[in-house]
Amino acid sequence: MENQKNIYDTETEEQEIKLTDYLNIITRYKWLVSLIFIVVVVAVLIYTARAPRIYQATSKILIEDNMSSDLLFNSYSKQASTINNYIHILKSRPVRRLTFQILQTYPRFETFPVAGLSENEAVGYIGGRISADTERETDLLFINCQSTNPGEASAMANAAAEALKQQDTNYARTEFRNTREFLSLQLEEQERKLRNAEEDLRLYKIEQGISELSEETTQLIEQSSQLSAMLSDAETELNVANNHLDFLKNELTTQDSLLLDVNSILTSPLLDQLKKEIVTTQAQYVNFLTKTEYTEDHPELVSMKNAIDSAKEKLNEEIKRILTVKSGSSDPLIYRSKLIEQISTAQIDQNLKESKVNSLKKAVEKYNEQMTILPDTEVELARLERNYRINEKIYSMLMDKFENAKIVEKSKIGIIRIVEEALTPGNPIKPNKRMNLIIALVLGAGLGIGAAFLLQSLDSKIRTFDDVRKNVALPILGTIPFITVSDEDLDNLETLIPKSTKEEKQKLLTIQEQMTAKLITSYAPKSSVSEAFRILRTNLISKRKTTESLSILITSSGPKEGKSTIISNLSTTLAQMEAKVILVDLDLRRPMQHKIFNLKKEEGVTEYLMSDDEDPFKNIKKSKVKNLDILTSGIIPPNPSELLASEKMNRTINKLKEKYDYVLLDSPPVIAVTDSMVLARKVDILTLAVRVTQADKKVIRRTKELLDNIDVKISGAVINGIKPHSYYSSYEYNYYYYYYYGDEKEKKTKPEVLREDQSVS
């Protein structure tokens, strides 16, 4: 149970550290994150301010699917298919053209943007601004129109609804319009016959001097004309039935031709493109599937399969749209079945009317036989009288039917009802300021944080303690903050030096030199930075196994990581323990210790190693720090590596250890030259100085590899150049010391350290 708890605590701690690392990355690149965030937000705000205001108006129509069926607009499929059919028809060119024509009748049409376009351009313009949607479980269709002109938006939405309604009504009246047109032609012909019969009767009466027929003949003529009128009425009804039957058969023939010749239906550039896309993607899918490294759940194959399914869905929708436009229904088979049912009913009706015509023809023939027994004069007059009355009755009957046909046609309406007209919108729907602002905030933050993580992944410098753990992987012997110098302190010294006595002036000059050299452990021993060096001193001393002298080498992986300043301050803290300390400058390429302690560089290590003298103590110089001696580098030799690798160098270190408690060696960077690798085998402790924001991860790893190759163990690392507020959170002791000891004590130990624009180097 306890082990499980420990594991849980470890996992929780790791998770917290990782989250903290993410926050540290964001904090480190906070200016970049802020800049990207501000740029994105400002760009979106500028776009929102300059984007055209789009207004939307919506008209609402009801599709009454329970109405009597039409010939072209009837849909016998499900509710969704019916509404989808009308959505496609709404977007068709005929409806858009009719919409434009209706728009031209509006009073303020000239103020609309569409007014300046030609008819073909206007049709395309309207198609790009009209859309339709619906609600589930309803027969309502919402026609939306978007425009930069609010008046045009509402007018176009209403015009589109009216155009769709007119188109629907026009299709619904197709059959009745055919009947009316047929009756109109028959009426014109019958009117001509009536006039001819009337004129023939008048002329015959004048020629023969006959004005009236006998009562018996008149009755016979009346009965004969009535039967003839009935026959003509029946023939007209038969012709109407034949016309209706022919119309239905033509529709059935059209549907059969569509079903038989599918290729003629499915001829569309979009269909061809979708079919080619499906075939190409399917071939690629099969090709990848044949390879062993690709399985069905491979991301590329899954993406291809989704693309194929999406293309198939688009293909089915396009086929439905074409069928709807060409056949009047998204399901031609259902429409064809209904046509067959209507043809059967029309065929029976036609047979009944044909039987009625035959019966009336026989009755008329009987009356014609009776007419033959009349005198010749009466026969001719009776025939003319009968023709006149027949034509008169037929004309009257056709006129009644024609008027009825017009009434029925006008009374026939489609299944579309305009429920609500669009109102002029008051506020634009685009751009959506609130949504754009939310998108800008999310996108700006996401891009900024993403850029920070990207730069972090590309950054090869050591910047955090976590980088030290992962890339240095060494015990941390000390953490040295930036050494800053106050300009005010330097100015005060410049003012006090000329006014001071000789003894005080010498002390002030020494402080000035140490401040310039960043020897903070000497001139500000109670500062928090000095305490950091004392912590380093304690950690190094703890590695001392016996009372024997201890040799320490501080190097770095690359240049400018502050090793010279670190070792000079470390030697000062060791000397403050009343121990004998010597600092040997073995950086024979770019020596620095003579500058730090304001000593003469010549007559140092180089002269001793190149001479036959075996006494290194002759060249040792006293520093202004008690108990601290300095052995400067001397002149820069042509062969520093050979001098450091010599046996005389070994003897020199041993002699120094006999006299001093601590022998500190300053050396060049490991990655640059071999000097440090040569010296590493001659000392007791090897310490690596790592400066944050300066040390490179790859260079440090290479340094460790080089030292591992010669079987040299690095005792630990000194992290240099840290910012306490940013780095001490994981090292509580240093953190609290910085605030407690640094803030309170330092205020009482002025003059303090160093310029704020300088650091350990």
- Query: Under the 6.0 Å and 45° cation-pi test, does Lys648 pair with Tyr608?
  - Reply: yes

Under 4.0 Å between a Lys/Arg side-chain N and an Asp/Glu carboxylate O for [X] and [Y]?
X: Glu531; Y: Arg534; answer: yes
X: Lys657; Y: Glu548; answer: no
X: Lys621; Y: Glu603; answer: no
X: Lys713; Y: Asp708; answer: no

- Task: Grab the two heavy atoms, one from Val663 and one from Ser549, that are nearest each other, plus how far apart they are.
- Result: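 It is CG2-OG, 4.2 Å.
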
- Message: Before we go on, tell me: are the rings of Phe453 and Tyr22 under 6.0 Å apart, centre to centre?
- Response: yes

Hydrogens and angles aside, do [X] and [Y] bring a side-chain donor and acceptor to less than 3.5 Å of each other?
X: Asn619; Y: Glu607; result: no
X: Tyr660; Y: Asp629; result: yes
X: Thr521; Y: Ser530; result: no
X: Ser667; Y: Arg589; result: no

- Query: Less than 4.5 Å apart, any side-chain heavy atom of Lys697 and any of Lys461?
  - Reply: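 Lys697 vs Lys461: side chains apart.
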
- Task: Side-chain contact test, heavy atoms from C-beta onward, threshold under 4.5 Å: evaluate it for Leu588 versus Thr606 and give yes or no.
- Result: yes

- Only one of Thr572, Val529, Ile480 forms a side-chain contact (heavy atoms from CB on, under 4.5 Å) with Ile520, so which one is it?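 Result: among Thr572, Val529, Ile480, Val529 is the only option passing the side-chain contact (heavy atoms from CB on, under 4.5 Å) with Ile520.
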
- Item | Main-chain N/O of Glu561 paired to Asn720 side chain as donor or acceptor, under 3.5 Å | yes

